Structure formats: C-alpha cells, structure tokens
Amino acid sequence: MDRSREIADFLRTRRARITPESAGLPADGRARRVPGLRREEAARLAGVSTEYYTRLEQGRAARPSPEVVDSLARALRLDAAEREHLTDLLARPGSRRAPVSPQRVRQGLHLMLRTLDHVPAFVIGRRTDVLASNRLARAVLTDFDALPVPRRNLARYYLLDPEARERTGDWEQVACETVAMLRLEAGRCPGDRRLADLIGELTLNSPEFSTWWNDHRVLRHTHGSAHYWHPLVGDLHFSYEFMQLPGDDNQTLCVYLPEPDSATAESLGILSSWNASTTGTAPDPRPSAPGS
C-alpha cells in the first residue's frame, strides 16, 4: 500500500463530503473544480497553514502531534473509525510490524460458542478471517468449517460466494460495510501480505469491490441489525453485537440475537433441531485458525 497515496486519497475524499456553507465558510465567488472543501479551507478549519496541510496530504510532513490530528478530525468531521484510520496512515513508516503468527482461539471462547448454541455466534480475526463458529452461524451464513482454512473469511464469503447474494438481506450494504472493515485493517497493518493478497483477489473477482474500496470508507462494526434468508425456514431478522475480546484486540466475538418469542427465534429452534438431526450430537469440531 502506497502510504502517501492513501493519505492523499483519504483526506481528499473526506474534504469532498463537506461544503463550505455547511462548514460556516463565506462564499468567495470562485468556481470550484472539485466538490467539497479546498485544501486551504480544510487547513483554515483545522487551524494549520495551507502549506503544512498540503505537505501533510501529500505524505511529506513529519508525523503530526495528537493535537493536530484532533484538529483535522474535527475539521473533516471524522467519526471514531475514521480518526483511528487517519492516525494509522500518519504513523511513521515501519512503526508497525506486519502480523507474523497465526491467530488461535482460546479454549474458553470455543466453550462460549457452544454455550451460545441457541443463536448464531462466531469469532473473526485479522482480515475478517473466521476463526471459529458455532453450528447456527454455519447454518445461517455458510459452513465455514467445510472450507479450506485459508478461505474461511467473511469478506471473501460476502463478495465472492454467489450464495451470499441470495441469502443476505441488504447484500449491497453488508458487502460495502465489509469492504470498509478491510480498509480500516489495511491502514492498521499496511505490510500484511495475506491482506494484500485478499484485496488483490477481491479486486480481480468482485465487480463491486474496486468502487467501494476507492471510496476510502472505514468502519468498525459494534452493533446493528441483520437480515438473512434460509432455504429451510425463510427470513431471519437479528440484532447483532460485535465485541472485541479481552486479551486479544484482533479478535471479535459476533453474536446474532433474535427478538424473544419472534418468528426468527422459532425458526432458529427449527434450524437447531434440524442440525442436530443431520449432524448428530457430537461436539462441533474445533476449526483451525487461518495463518498470519
């Protein structure tokens, strides 16, 4: 990833979202060649010189202080994920090492997934790799355990698996948000070779990926709603919670929760019984974690 280009494109796309009028800047009567704020206007709002902002946007400035990053974040109206991404992009080259060791899911988390066997639950790691999942997660989304370990990945599923388009309600939104999650990851780990390979694969094989990737949207999922369709039980509606796990901030527990006594809760009971009848009652096999 070209760090200077990433900084320039990210700041440019953030400037483009803000009109001078909405920022309280007076009209100057000059024709605008690009949407949104000019560099000098962004600099004025951030309280820095135009020269410094230009060097910063071109990746030629020294690493800015936290105070300058805060000023930029306020001026460009960055949310928490965008501010985190900007901080990552502005970090000194080489200050963050690429991940080298495979991720492992500890025994307690495997037990938690089995305890949560009445709802879909799974653990994702770096690059949206699916590190572990319970039976209902594999029934509602896809059977990640049946895939080769390197292909157990949420972004690859949503963007490259034709079945995902059929079974995911609001597929376009979900796929776009997953790309934004990868963008955040790319800023945090710019030297991650497996992430670069995944981005290359998605660029070549997903018609929509490049458009969403070039938007430079970043996202850290925390909670929301989800809709899936299952060929056995039909529509399933959930609230979901994504929680970073203590002891490893690169692992996230994802739990899909139906409303009590809802049609979805009833359907999950049917799916659970169906899974038990087709797979037996033996414990779920523990999946191997994807490598680094």
Side-chain angles (χ1 to χ4, degrees), residues 79-81 84 99 101-147 149-158 164 167-170 173-175 177-185 188-189 192 194-195 198 218-228 230 236-260 262 264-265 268-269 271-272 275 283-292:
D79 62 24
E84 177 185 345
S101 59
Q103 289 185 279
R104 303 295 182 191
V105 176
R106 58 182 181 265
Q107 173 65 14
L109 292 177
H110 284 288
L111 294 175
M112 181 183 293
L113 291 178
R114 289 174 57 190
T115 301
L116 294 169
D117 63 356
H118 58 294
V119 294
F122 53 99
V123 176
I124 60 173
R126 297 188 292 261
R127 319 171 200 94
T128 71
D129 285 339
V130 178
L131 305 180
S133 58
N134 67 9
R135 288 189 298 173
L136 276 179
R138 297 193 291 274
V140 170
L141 278 75
T142 194
D143 189 352
F144 291 105
D145 282 8
L147 299 173
V149 171
R151 304 195 68 80
R152 297 176 188 175
N153 180 275
L154 210 56
R156 185 179 281 112
Y157 166 65
Y158 284 130
R167 295 181 61 163
T168 307
D170 300 321
Q173 176 182 337
V174 172
E177 289 178 349
T178 305
V179 173
M181 293 168 64
L182 285 182
R183 258 290 178 198
L184 188 65
E185 181 85 3
R188 185 167 56 247
C189 300
D192 186 340
R194 287 195 63 228
L195 177 58
L198 174 61
V218 293
L219 176 69
R220 182 179 294 283
H221 258 317
T222 55
H223 63 279
S225 59
H227 170 211
Y228 291 92
H230 190 279
L236 298 166
H237 296 271
F238 301 99
S239 296
Y240 64 76
E241 296 289 337
F242 281 22
M243 296 163 280
Q244 284 190 298
L245 293 167
D248 190 338
D249 58 6
N250 288 314
Q251 292 189 19
T252 301
L253 174 65
C254 313
V255 183
Y256 285 17
L257 304 165
E259 286 291 331
S262 64
T264 295
L268 287 180
L271 275 181
S272 183
N275 269 301
D284 295 340
R286 185 179 308 169
S288 301
S292 65

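None of the values given here were measured: they were computed from a predicted structure.
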[X] versus [Y]: any side-chain heavy-atom pair under 4.5 Å?
X: Leu271; Y: His230; answer: yes
X: Gln251; Y: Leu131; answer: yes
X: Leu257; Y: Phe238; answer: no
X: Leu236; Y: Val140; answer: yes
X: Cys254; Y: Ile124; answer: yes
X: Thr128; Y: His221; answer: no
X: Leu198; Y: Asn153; answer: yes
X: Leu109; Y: Leu253; answer: no

Worksheet item: Who are the side chain to side chain contact (heavy atoms under 4.5 Å, CB included) partners of His118, not counting sequence neighbours?
Response: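 With neighbours one apart ignored, the set is Leu116.
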Worksheet item: Quick one: side chain to side chain contact (heavy atoms under 4.5 Å, CB included) partners of Asp143, sequence neighbours excluded?
Response: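 Asp143: side chain to side chain contact (heavy atoms under 4.5 Å, CB included) contacts with Arg138, Asp145, Ala146.
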Strictly distance-based, threshold 3.5 Å: is any side-chain N or O of [X] a donor or acceptor partner for the main-chain N or O of [Y]?
X: Gln103; Y: Asn250; value: yes
X: Ser272; Y: Leu268; value: no
X: Asp117; Y: Leu136; value: no
X: Asp170; Y: Gln173; value: no

Fill in: Separation of Ser133 OG from Leu113 CG (nearest 0.5 Å)
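Between Leu113 CG and Ser133 OG, I get 7.5 Å after rounding to 0.5 Å.
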Discussion item. As an exercise, state the distance from CZ of Arg151 to CZ of Arg156, rounded to the nearest 0.5 Å.
Written reply: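 Going from the CZ atom of Arg151 to the CZ atom of Arg156 covers 4.5 Å.
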Discussion item. Assess whether a salt bridge exists between Glu185 and Arg126, defined as any Lys/Arg side-chain N lying under 4.0 Å from an Asp/Glu carboxylate O.
Written reply: no
All side chain to side chain donor-acceptor pair (under 3.5 Å) counterparts of [X], not counting sequence neighbours:
X: Thr264; result: none
X: Tyr228; result: Tyr158, Tyr256
X: Gln244; result: none

Worksheet entry | Identified side chain to side chain contact (heavy atoms under 4.5 Å, CB included) partner of Val123 from the options Thr252, Asn134, Leu245 | Leu245
Practice prompt. State, to 0.1 Å, how close Ala137 and Ala121 come at their nearest heavy-atom pair, and which atoms those are.
Written response: CB-O, 3.4 Å
Item to complete: Assess whether salt bridge (charged side-chain N to carboxylate O under 4.0 Å, His left out) is satisfied between Arg127 and Asp192, documenting all intermediate values.
Response: CA-CA 9 Å; Arg127 319 171 200 94; Asp192 186 340; 2.9 Å; yes
Practice prompt. Identify, with sequence neighbours excluded, every residue that meets ring pair (Phe, Tyr, Trp, His ring centres under 6.0 Å) alongside His227.
Written response: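 Counting only residues at least two positions away or on another chain, His227 forms a ring pair (Phe, Tyr, Trp, His ring centres under 6.0 Å) with His237.
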